[in-house]
Every structure is written in structure tokens, then in C-alpha cells.
Amino acid sequence: MKPFLSLHSIEKRYNNHLALQVDELEFEPQHIYSLVGPNGCGKSTLLQIVALLLKPTFGEMIFQGEKVIWKKKSLQRLRQHITLVHQSPFLFSRSVRHNIAYGLKMRGMHSKKQHHLIHEALDMVGLNGFGRRTARELSGGEQQRVALARALVLRPKLLLLDEPISNMDRASIEAFDGLLPILVDQGMTIIQATHSPDQPERLHSTIIRMEDGRLI
Ligand code: ADP
């Protein structure tokens, strides 16, 4: 079976600093992967490359059997299947509902259809009843969950999470841990960067250890 996503001889340099060097890395569909390693080891760089937001200095990526071409049209099409949730997400100073609807609006979805999807996404992240609240006035953990709902509502095939539970309390983490396998069952592949010592195993995820920009 062909991998869902594969990286071949990927390198990323910032000026002359080699931030990432990955010879071969394959991801299977409907699985959870955890990138684990110290600060600065290249986790975010790898996530941004896989999210097609950062062009590698060198190397090739194959997504769903298709070689990634770093040209606007091709990237726009492929990005429809991929969503990255940042550790400190940027939320508009508007309602939670507005924030979650944003991506749907950009895709031209009618507002009647949005309603049901937004409700479902809020339900998934345990923020039922938060739709009218001002997003920036929520706690850090709640804002992370709004960002997650904003990603989920787009139904990506590949969900990328940068330190998703870093600001969450225990109850939210438990809910989050319960949610990921459901998303996988629904067809998603998930790659998360995490500092949590036990969460990757709790999720039965495949652990990818990194150090100094390399896989170890
Ligand atoms: P992690 O997510 O594991 O903390 P990063 O991918 O953010 O690691 O960083 C990997 C390396 O690349 C670090 O040495 C970091 O300082 C460097 N780096 C990251 N982003 C930039 C940037 N925009 N410009 C210059 N160096 C960067």
C-alpha cells in the first residue's frame, strides 16, 4: 500500500542554519503520529513543511500519491485537505462562531449549511454554548479548542497539531485524548508535536523522536 504522505531527502535551512534534515519518512493513513523532542529540534518546521506553508530548501514530498509542486494553484488545491493548528492560534476579536465560520466562508459555503457544521465542531471540542462568546476573551485552553474546532469544521484529511494540549487543563486533555481516535475512525491522519511525556503512548500513536533537526 502506498503511504498517505512521504518525505524524501527533505532539508530546511534558515540562512545557513540547517533546521531540518529528514532522509525518509512515511505516514500511513488513519493513524496518529507524535513528534517528540526538545525545543528547537525542528518539530514546528516539519509540521509547517507538511502543512505546505513552508517550502523545504531541498527534497520531495508525496501527498496521496501526488508529488507536491510548490506552485500556487497546486498548493491551494492540496491545502484544502490539510490543516495546521498552531500552539498559540491567531483568533479574530469576534465571536467564536465567526472564527469557526471563517474557513467555510472562504470556501464559499452558504451560511445555512455552516450552522450545523459549526455546532457539530463546537460539540466535538466540548465548547457547546460558546458560539456567541468573544474568542479572544476565552482562556488559553479554550482558545486552543476554538482553533481545533476551526480546523475540524473543514474536515481535513491531514490534521497537524502543534503542542495541542499545552494550555489545556486535565479535563480538556481527557476530552482531547478521546476525540483523536474518533477523528481517525472518521478518516483523518493526525500528526502532533508534543512535549507531554505520556500522552503519545496514551493515544497509541507512533512516536517520531527528533534531535537537532534529525530523526533519531
Ligand atoms: P521546535 O518546534 O522543535 O521547537 P523549530 O522547528 O521551531 O523547533 O526550530 C528548529 C530550528 O530552526 C531552531 O534552531 C530554530 O531556532 C530555527 N528556526 C525556526 N524558525 C526559524 C526562522 N523563521 N528563522 C530562523 N531560524 C528559525
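All of these numbers come straight from a predicted model, not from anything done at the bench. Indexing begins at 1, ligand by ligand and atom by atom, following the structure's order.
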Would P38 count as a contact of ligand 1 if the rule is a heavy atom under 4.0 Å away?
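For ligand 1, residue contact (heavy atoms, under 4.0 Å) with P38 is present.
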
Going by heavy atoms, is G37 under 4.0 Å from ligand 1?
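In this structure, G37 fails to qualify as a contact of ligand 1 - no heavy atom is under 4.0 Å.
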
Can you figure out which of E211, K43, M210, K12 has its heavy atom closest to atom 3 (O) of ligand 1?
K43

Contact partition for H17 relative to ligand 1, non-hydrogen atoms under 4.0 Å:
side chain

Element-labelled atoms of ligand 1 that are located less than 4.0 Å from some non-hydrogen atom of [X]:
X   : value
N39 : 4 (O)
T45 : 5 (P), 6 (O), 9 (O), 10 (C)
A19 : 11 (C), 12 (O)
C41 : 1 (P), 3 (O), 8 (O)

Please indicate whether any nitrogen or oxygen in G40 is less than 3.5 Å from any nitrogen or oxygen in ligand 1.
yes

Are E211 and R209 ion-paired here, with the side-chain N under 4.0 Å from a carboxylate O?
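Salt bridge: no.
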
Ring geometry between H115 and H119 (parallel below 30°, tilted from 30 to 60°, perpendicular above 60°)
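Ring orientation of H119 relative to H115: parallel.
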
Below 30° counts as parallel, above 60° as perpendicular, anything between as tilted: where do the rings of F92 and H98 land?
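Ring orientation of F92 relative to H98: perpendicular.
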
Heavy atom of protein inside 4.0 Å of atom 1 (P) of ligand 1, strictly below
yes

Is the closest protein non-hydrogen atom to atom 22 (C) of ligand 1 under 4.0 Å?
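So far as the 4.0 Å threshold goes, atom 22 (C) of ligand 1 is in reach of a protein heavy atom.
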
So with a 6.0 Å cut-off around [atom1] of [X], is the heavy-atom count from everything else above 12?
X    : atom1 : result
R94  : CZ    : no
D177 : CG    : yes
F58  : CZ    : no

F130 six-ring centre to R133 NZ/CZ under 6.0 Å and within 45° of normal
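Yes, R133 and F130 form such a contact.
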
CG-SG distance between L215 and C41, expressed to the nearest 0.5 angstrom:
9.5 Å

Nearest protein heavy atom to [atom], by residue and atom, and its distance?
atom                    : result
atom 19 (C) of ligand 1 : Y14 CE1, 3.4 Å
atom 7 (O) of ligand 1  : S44 CB, 3.7 Å
atom 8 (O) of ligand 1  : G42 N, 3.1 Å

Has the side chain of R79 got a donor or acceptor atom that lies under 3.5 Å from a matching backbone atom of L52?
yes

